[in-house]
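Down below is the structure, laid out as structure tokens.
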Amino acid sequence: MPELPEVETTLRGIAPFVEHQKIVDLTVRQPRLRWPVTENIQDIVRGQNIRQLTRRAKYILLGLDKGSILIHLGMSGSLRIVEPSEDWRKHDHIEMQLNNNQALRYHDPRRFGCWLWSHTEHAQLSHLGPEPLSNEFDGDRLYSASRSRKMAVKPFIMTNSVVVGVGNIYATEALFRSGIRPDRAACKISKKRYDVLAKNIKGVLAAAIHQGGTTLRDFVNSDGQPGYFQQSLDAYGRAGKPCKLCKTSLKELRLGQRSSVFCPKCQT
DNA sequence: ACACTAACCTGCAAGC
DNA sequence: TGCTTGCAGGTTAGTG
């Protein structure tokens, strides 16, 4: 589910129910996530107000009176608002009860996500590159960061110290839109082409956010609605199908253990 | 500094 | 039908 647009969609969906509420209690049924859930987190956060929800990369931050909770959805996590009486489903690991008589429920079959409280800045956020939708991120940035990089451009743009929030789906789509082969060496791409690529990374992420994210398998956002970006995917998941521009059969290769689909004619 | 692998987990689909 | 294998949206710790 969650790449940046899905995280942003989730954040926007839950924020109206969560912001400015007081945490009545927190229930942790399964503390073994990517990292163990912060010890005694219930005692720390009980009675605190949630001042604001923000996003950094694919992390959601709940800013409390004292410190903050860092949430990541990993590869299979989701957050939704539930009524307090709602039955627990398999893989519902955490519930935060709020004083508006609703609760925030965390569901994560693969348990690659996290729930961490910290009084100071979270270590996970300290070495992150720029947000892709910010003005800090542009073709200049990609060009200068790539000069010493022999690695393929696709894993390069998925590297968090270069730019955050570009996962496998949107990396695949941005490269298709830019006409750049995913296995081209990052250091051999011109400034001009990086300008195009940076614009397309922004464009594809913004479009996906606008459409409520991409629905893969069973992803629904916090309102229970699917994302509609899937129908806009040009390359991801379309190996063997005709290119939407030139009808050539799309090819697939693996880069850094990730499937990468591209058009051998349009992408050079 | 960079590049690559393995690891954390479960569920599902394809193949035998 | 049932078992095995491989793959899936992410990130980082460790190795060379």
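All chains are named by letter (A, B, ...) in the order of the sequence lines, taking the proteins before the strands, and each is independently numbered beginning at 1. Every heavy atom of this structure was used, including side-chain atoms; hydrogens, water molecules and symmetry mates were not. The structure displayed is predicted, hence computed values, not measured ones.
- In this structure, CZ of A:Arg147 is placed 16 Å from C1' of B:dA1, rounded to the nearest angstrom.
- Under a 4.5 Å side-chain heavy-atom cut-off, the cluster of Ile, Leu, Val, Met, Phe, Trp and Tyr residues that includes A:Trp88 has no other member.
- A:His107 has its NE2 atom 9 Å from the P atom of B:dG11, to the nearest Å.
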Criterion side chain to side chain donor-acceptor pair (under 3.5 Å) on A:Glu95 and A:Gln97, from CA distance to verdict: CA-CA 6 Å; A:Glu95 183 178 276; A:Gln97 291 108 39; 2.8 Å; yes
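- Distance, A:Arg254 CZ to B:dC4 C1': 15 Å, rounded to whole Å.
- Checking B:dC9, B:dA3, B:dG11 against the side-chain heavy atoms of A:Arg149 singles out B:dA3 as nearest.
- Rounding to the nearest 0.5 angstrom, the gap separating the CG atom in A:Leu53 from the OG atom in A:Ser68 is 11.0 Å.
- Taking atom CE on A:Met75 and atom P on C:dC7, their separation rounds to 13 Å, with Å as the unit.
- For A:Lys90, no side-chain nitrogen or oxygen approaches OP1 or OP2 of B:dT10 to under 4.0 Å.
- Inspection of the A:Asn168 and A:Lys154 side chains reveals an N or O donor paired with an N or O acceptor under 3.5 Å.
- Phosphate proximity of B:dC8 to A:Arg32: absent, as no side-chain N or O sits under 4.0 Å from OP1 or OP2.
- Using a 30° and 60° split on the angle between ring planes, A:Tyr59 and A:His72 fall in the perpendicular class, above 60°.
- In this structure, A:Glu252 places its CD atom 12 Å from C1' of C:dA8, rounding to the nearest Å.
- Summarising the geometry, the separation between CD on A:Glu3 and C1' on C:dG10 is reported as 9 Å, rounded to the nearest angstrom.
- The shortest distance between the side-chain N/O atoms of A:Arg110 and the OP1/OP2 oxygens of B:dC8 is not below 4.0 Å.
- Of the C1' atoms belonging to C:dG9 and B:dA3, the separation is 23 Å, rounded to the nearest Å.
- Atom CZ of A:Phe112 and atom P of B:dC8 are 9 Å apart (whole Å).
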Test log, rule side-chain contact (heavy atoms from CB on, under 4.5 Å), inputs A:Leu98 and A:Lys22: CA-CA 6 Å; A:Leu98 305 167; A:Lys22 187 188 287 268; over 6 Å; no
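- Using a 30° and 60° split on the angle between ring planes, A:Trp117 and A:His119 fall in the parallel class, below 30°.
- A donor-acceptor contact closer than 3.5 angstrom is absent between the side chains of A:Glu19 and A:Gln52.
- When each of B:dT10, B:dC2, B:dC4 is scored by its nearest atom to the side-chain atoms of A:Ser148, the top-ranked nucleotide is B:dC2.
- Taking the six-membered ring where tryptophan is involved, the planes of A:His93 and A:Tyr106 are tilted, since the angle between them lies from 30° to 60°.
- For A:Leu33 and A:His91, each mapped to the nucleotide of DNA chain B holding its nearest heavy atom, the one lying further toward the 5' end belongs to A:Leu33.
- Contact annotation: A:Tyr236 reaches the phosphate of C:dG9 (side-chain N/O to OP1 or OP2, under 4.0 Å).
- The side chain of A:Gln257 contributes no N or O atom lying less than 4.0 Å from OP1 or OP2 of B:dA6.
- Counting only Watson-Crick and G-U wobble pairs whose two key distances fall under 3.5 Å, DNA chain B forms stems of three or more stacked pairs at B:2-8 with C:10-16, B:10-16 with C:2-8.
- A donor atom on one side chain and an acceptor atom on the other are found under 3.5 Å apart for A:Ser259 and A:Glu252.
- Between the CG atom of A:Leu73 and the C1' atom of C:dG10 there is a distance of 10 Å, rounded to whole Å.
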Nucleic acid footprint by protein, nucleotides 11-16 of chain C - heavy-atom cut-off 4.0 Å, B for base, S for sugar-phosphate alone: BSS---
